[in-house]
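Residue indices begin at 1 and follow the sequence shown. Ligands are counted one by one from 1 in listed order, and the atoms in each one are counted from 1 as well.
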Amino acid sequence: MAKRIIVTGGAGFIGSNIADELIRRGNEVVIIDSLVTGEKKNINPAAKFIKGDVRKPGDIGKCFGKKVDAILHIAGCASTIKSFDDPAADLNTNVLGTINIINAAVKHKVGRILYASSMTAYGVPEKIPVKEDFPTRPIAYYGITKYAGERYIMATGLREDLGFKMNTTAFRMFNVYGRRQSLTNPYQGVVSIFIGNAARGEGIKIFGDGEQSRDYVHISDVADAWAGAIDNPGSFGEVFNLGSGIRVSVNGLVAITLRSFGKDIKKYDVKYFPARPGDQRHMQADISKAKKMLKWAPKMKFEKGLQDVIDWAKELYKGE
Ligand SMILES: NC(=O)c1ccc[n+]([C@@H]2O[C@H](COP(=O)([O-])OP(=O)(O)OC[C@H]3O[C@@H](n4cnc5c(N)ncnc54)[C@H](O)[C@@H]3O)[C@@H](O)[C@H]2O)c1
């Protein structure tokens, strides 16, 4: 049945793609976004847009009028590096912002919240692939605030004093990539950073030896998981890894990217710099829980998904 759903951060990369998927499935969507990194052009014209800040309860209040069925809390400070540069800003957006969303949900009796958590919650895992019940010991300030937000959401789902049941779900997303991820913001996803560099003919900077690896999951698969979980009681009270289950090294990613642009890696300006604080060495998701309980599985093959972002980037830089 069509629902009225609030998507926080719906002008950003992940939020806007999920909002599109919800609208495609016939839902009514209200987007709240401060546009600090999100862009107006990403906002689906069928959505109601409120320019607002989740750090300000008054702004969140503007999203309510008619009954709201669910909140997808995706707005956040999405950068590990920025979290070290300005920990208070990261804390305010990711933790206080989440508490404000919870307070609004309680006030307006919203029975469903889904939260954008992160693989950074795991810190340095003892082994990979990581399962949801592995220890959570974030090593980046960003990982601490995303995990704190996750715990606030999940703990609210256990509260019996609310007078109604709030069903909560959190997705620990791995490296999400796809169209609309910023090609110019050096703090965002590494796939888009490298594709932006290659599209503009700029040098590529690798932090560390490049042998660190990540689990890249395409935005279409992420949007499918979120949209499918809203009505799925199997996801209530649960935390899920969202990854592809496959690991690719940063050096491997650079090689595939340059090859797709028809550039010779041996002649290309690729430089190595010291590893940055909070960088995890190897990450890979065990996605068996999501497969079993959400009946979800990633469909997009990495090389195909990457090519799609490259096609998009080439289109954007055409004629420049
Ligand atoms: N990209 C990934 O691989 C990844 C992985 C795990 C978790 N996440 C989480 O997913 C969410 C979305 O990330 P993204 O990659 O789409 O980044 P993004 O920067 O494109 O999206 C974040 C959105 O939140 C908005 N926002 C930021 N602060 C706000 C505030 N105070 N009030 C209202 N809106 C605000 C931004 O304008 C932007 O539109 C973030 O919470 C991030 O922590 C991302």
Side-chain angles (χ1 to χ4, degrees), residues 6-20 30-43 47 49-60 62-63 71-83 86 88-101 104 114-122 138 140-150 153 170-193 214-219 221-223 225-226 239-244 280 283 285 309:
I6 295 176
V7 178
T8 75
F13 161 51
I14 296 177
S16 68
N17 278 288
I18 292 177
D20 284 357
V30 179
I31 287 173
I32 174 167
D33 197 299
S34 65
L35 302 180
V36 59
T37 54
E39 294 188 66
K40 244 187 167 154
K41 65 171 191 265
N42 292 341
I43 298 171
F49 174 56
I50 288 154
K51 185 171 183 300
D53 192 322
V54 295
R55 291 171 301 182
K56 298 181 183 160
D59 286 1
I60 299 171
K62 292 178 194 158
C63 299
I71 302 176
L72 275 49
H73 182 37
I74 301 170
C77 232
S79 163
T80 295
I81 295 304
K82 278 191 179 166
S83 76
D86 192 347
D90 175 71
L91 175 78
N92 274 324
T93 301
N94 291 352
V95 183
L96 185 61
T98 300
I99 291 172
N100 290 338
I101 289 293
L114 295 87
Y115 173 76
S117 188
S118 163
M119 64 158 190
T120 54
Y122 293 111
Y141 293 174
Y142 165 73
I144 297 172
T145 61
K146 290 308 293 186
Y147 184 56
E150 175 194 303
I153 294 280
F171 292 112
R172 291 186 187 151
M173 296 184 284
F174 282 61
N175 279 63
V176 187
Y177 73 99
R179 287 179 183 228
R180 293 194 192 143
Q181 192 164 37
S182 174
L183 298 170
T184 50
N185 184 342
Y187 300 112
Q188 287 199 351
V190 68
V191 168
S192 300
I193 292 172
R214 292 287 176 272
D215 178 323
Y216 300 99
V217 59
H218 192 260
I219 185 64
D221 288 320
V222 167
W226 279 75
V239 173
F240 296 96
N241 286 338
L242 283 188
S244 62
Q280 291 155 296
M283 278 312 275
V309 186

What is the closest protein heavy atom to [atom], and at what distance does it sit?
atom: atom 21 (O) of ligand 1; result: Gly12 CA, 3.7 Å
atom: atom 4 (C) of ligand 1; result: Ile14 CD1, 3.8 Å
atom: atom 38 (C) of ligand 1; result: Thr37 OG1, 3.2 Å
atom: atom 27 (C) of ligand 1; result: Val36 CG1, 3.3 Å
atom: atom 22 (C) of ligand 1; result: Gly76 O, 3.7 Å
atom: atom 37 (O) of ligand 1; result: Asp33 OD1, 2.6 Å
atom: atom 12 (C) of ligand 1; result: Ile74 O, 3.5 Å
atom: atom 3 (O) of ligand 1; result: Val176 N, 2.9 Å

Does [X], backbone or side chain, put an N or O under 3.5 Å from an N or O of ligand 1?
X: Val54; result: yes
X: Asn175; result: no
X: Ala78; result: no
X: Ser118; result: no
X: Ala116; result: no
X: Ile32; result: no
X: Met173; result: no
X: Ser117; result: no
X: Phe13; result: yes

Within the 4.5 Å heavy-atom criterion, are [X] and [Y] side-chain neighbours or not?
X: Leu35; Y: Lys51; answer: yes
X: Ile153; Y: Thr98; answer: yes
X: Glu150; Y: Val239; answer: yes
X: Cys77; Y: Asn94; answer: yes
X: Phe240; Y: Arg172; answer: no
X: Lys82; Y: Asp90; answer: no

Value for CD1 (Ile50) from OG1 (Thr8), rounded to nearest 0.5 Å, stands at 12.0 Å
Separation of Asn175 CG from Met119 CE (nearest 0.5 Å)
4.0 Å
Applying a 4.0 Å heavy-atom criterion (strictly less than), which segment of [X] is in contact with ligand 1: side chain, backbone, both, or neither?
X: Thr93; result: side chain
X: Glu39; result: neither
X: Gln188; result: side chain

State the atoms of ligand 1, each with its element, that fall below the 4.0 Å cut-off from a heavy-atom position in [X].
X: Arg55; result: 31 (N)
X: Gly52; result: 32 (N), 33 (C)
X: Gly38; result: 36 (C), 37 (O), 38 (C), 39 (O)
X: Leu35; result: 37 (O)
X: Ala11; result: 39 (O)
X: Lys146; result: 40 (C), 41 (O), 42 (C), 43 (O)

In Val176, Asn241, Leu114, the residue satisfying side-chain contact (heavy atoms from CB on, under 4.5 Å) with Phe171 is Leu114
Option among Ile71, Ile101, Ile32 that satisfies the side-chain contact (heavy atoms from CB on, under 4.5 Å) test with Cys63
Ile32
Using a 3.5 Å distance criterion without hydrogens, assess whether the side chain of Arg214 forms a donor-acceptor pair with backbone atoms of Gln280.
yes
Any donor-acceptor pair under 3.5 Å linking the side chain of Thr145 with the backbone of Tyr142?
yes
With sequence neighbours excluded, tell me which residues meet side-chain contact (heavy atoms from CB on, under 4.5 Å) with Asp20.
Asn44, Arg180
Residues two or more places apart in sequence or in another chain: which of them pass side-chain contact (heavy atoms from CB on, under 4.5 Å) with Asn185?
Thr37, Ser182, Tyr187, Gln188
Out of Cys77, Gly97, Ser34, who gets a non-hydrogen atom closest to atom 33 (C) of ligand 1?
Ser34
For atom 8 (N) of ligand 1, which candidate among Phe174, Tyr142, Tyr187, Phe171 provides the closest heavy atom?
Tyr142
Once you measure the plane-to-plane angle for Tyr115 and His73, does it fall in the parallel (<30°), tilted (30-60°) or perpendicular (>60°) bin?
tilted
Check the surroundings of atom OH in Tyr141: do more than 12 heavy atoms from other residues, nucleotides or ligands lie under 6.0 Å from it?
no
